[in-house]
Amino acid sequence: MMNFLYGIWDSFYFSFFEAQRWKFYLGGLKNTLFMSVVACIIGVVIGLVLAILKVSANSLSKPRGRRTLGGWLIRVGSGFADLYTTVIRGTPLLVQLLILYYGVFKTAPKEYAMWVAGLSFGINSGAYVCEIIRAGIQSIDRGQTEAGRSLGLNARQTMQLVVLPQAVKNILPTIFNEFITLLKETSVAGYIALTDLTRAGDVVRSRVWTITPLVISGLIYLILVILLTKVQGVLERRLGASDRRL
Amino acid sequence: MKKFSVVLSLLLVVLLVLAGCGAKETPSKESSPDANAQPTKVESAEESHAAESPAQEAPAEGSGLAGKTQLIMGTEAGFAPFEYYDEAGNVVGVDPDIAQAIADSLGMELVIQEMDFDAIISEVQSGRIDFGAAGMSITEERAKQVDFSIPYGASKQVLVVRADNTAITGGESLAGKKVGVQLGTIADLLLTDEYPDVTVERYKKYFEAVSDLTNGRLDAILMDILPAQEFLAQNTELKVLEEPLMVDEYAIAVKKGNTELLDAINKVVQELIDSGKIDEFMQKHSAAAEQ
């Protein structure tokens, strides 16, 4: 048993401390976090806009609303949102990343590769976030919108002040699910020669030829996800403080 | 607090389980540098097997070749003229030709498996492939993980830059530059260890590095001169700096202790060198790859 543990420690030391290999993991961790944060922000913005477009189009039930310029714009926007979610959810993230990096942003210098990757992951995440937020908005009883409108708030104010705050509470678990997935999906960044956490483990693995570096990378992801779950827990408690259902 | 300790203990369990998987692989790593006593035991066991069946033409038992009809070679086919895809989608090149000669001498069928370069040593160790032939340089670190055959070619690591680049003239002018390499290759190891002020960009395939060099994302690529010349044949906007940053030798990698296969490989490689066949392969594939 002692030998077993000693072997683990030895392998860990060789894959982490030897020749300052921890620097690879640290660099990878930084890059992974950077891409995740960029992607998260872009994803939420895209998702929110698309979701509101989709929901607004649904509520354009009266013929009068359809004929105005605003109504027309909303329907075009909603059509775009449908197309967006179909294409983005229907193609692999890796394919999107490669097309964006080697095609659309072909001339972007290496320094911006991380931004291109973050953008790519954000565009991808946006499609999923859109559906999550749409589900959240639609989970709020129609009576809430009606109450808001009858209190004299316009459609935008009702959405901002009445519906969205309640929707946020409902979508919190699913949206954190998406954030967690996003964090781990950044691991495909290695395909465009970025050293994220996964590639960092791979680089060390090409020096030590054991799976220990991958275990180390995996553990760092695990710790990040556990931290993220903690944040989710805190947020849920705070938001749920006034909720009688909880 | 209770929740936290639950999480912590869960983490520990996962760590132990995962590390357990990792630990299984460690003996292969450790047995090589310090415990020379154990491998010799294995070798002597093999020798005794060999002594029982002195006829060595057919694969004998003890090294995993017994009863096998296929000889599996691992390689990374983005490295012409050593290995590349031909028009029909087969992996061909100098290494496959050598491997074919080895398989013929053993009376076995050659199977070529294409994989990432940095996976080859692990795959040799796991035994999923019998040997790795991928223009692989002999290094001290690698020699601890696998056994190398006698060398069959010289490896010259040279810089590839854009034709209009006059700033990079050699290894000493690389400081602060972005240099592309293939992950886990000798070029990667050399730059990482010897040139700390160079930004090393690690690619899975050299052709991706070449596309980033022509796009202007990289300042240079460090790679073997022969494949570099093959890339140059297709990209006129690139040039090679002839002076090598490092010279060493290519060899075939087999699993540690598999002396039977290693001996067979050494014998064939020596014959190919003596008869000038390897030079012939080189010429044949340098011409073929350019078309």
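So that the names make sense, note that chain A is the first sequence line, chain B the second, and so on, each numbered from 1.
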TODO: Tell me, out of B:T185, B:D118, B:D188, who's got the most heavy-atom pairs with chain A below 4.5 Å.
DONE: B:D188
- [ ] Might you confirm whether atom OH of A:Y84 has over 12 heavy atoms from other residues, nucleotides or ligands at distances under 6.0 Å?
- [x] yes
Open item on the list: Quick check against the 3.5 Å criterion: does A:R199 have a side-chain atom that pairs as donor or acceptor with the backbone of B:R202?
Closed with: yes
TODO: Under 4.5 Å, counting heavy-atom pairs only, tell me which of A:A193, A:S15, A:A113 racks up the most with chain B.
DONE: A:A193
Open item on the list: Just checking B:K177: does its NZ atom have more than 12 heavy atoms from other residues, nucleotides or ligands closer to it than 6.0 angstrom?
Closed with: yes
TODO: Measure the CG-CD distance between A:L98 and B:E208 for me, rounded to the nearest 0.5 Å.
DONE: 7.5 Å
- [ ] Kindly indicate whether the side chain of B:K144, heavy atoms from C-beta on, has any atom under 4.5 Å from the side chain of A:W209.
- [x] no
TODO: Please check if atom NZ in A:K30 has more than 12 non-hydrogen atoms from other residues, nucleotides or ligands closer than 6.0 Å.
DONE: no
Task: A:Y101 side chain to B:N215 side chain, donor-acceptor N/O pair below 3.5 angstrom - done: no
Task: Salt bridge B:D219-A:K110, side-chain N to carboxylate O under 4.0 Å - done: no
TODO: Provide the closest heavy-atom pair for A:S206 versus B:G184 in the form atom of the first, atom of the second, distance.
DONE: OG-CA, 3.6 Å
TODO: Decide if atom CG of B:D197 counts as having more than 12 heavy atoms of other residues, nucleotides or ligands within a radius under 6.0 Å.
DONE: yes
Open item on the list: Heavy-atom count check: over 12 atoms from other residues, nucleotides or ligands less than 6.0 Å from A:Y191 OH?
Closed with: no
TODO: Between chain B and each of A:E111, A:R205, A:K106, count heavy-atom pairs under 4.5 Å; write down the option with the most.
DONE: A:K106
TODO: Could you give me the CA-CA distance, side-chain angles and deciding distance for B:R217 and A:I192, then say whether side chain to side chain contact (heavy atoms under 4.5 Å, CB included) is met?
DONE: CA-CA 11 Å; B:R217 283 175 176 151; A:I192 58 169; over 6 Å; no
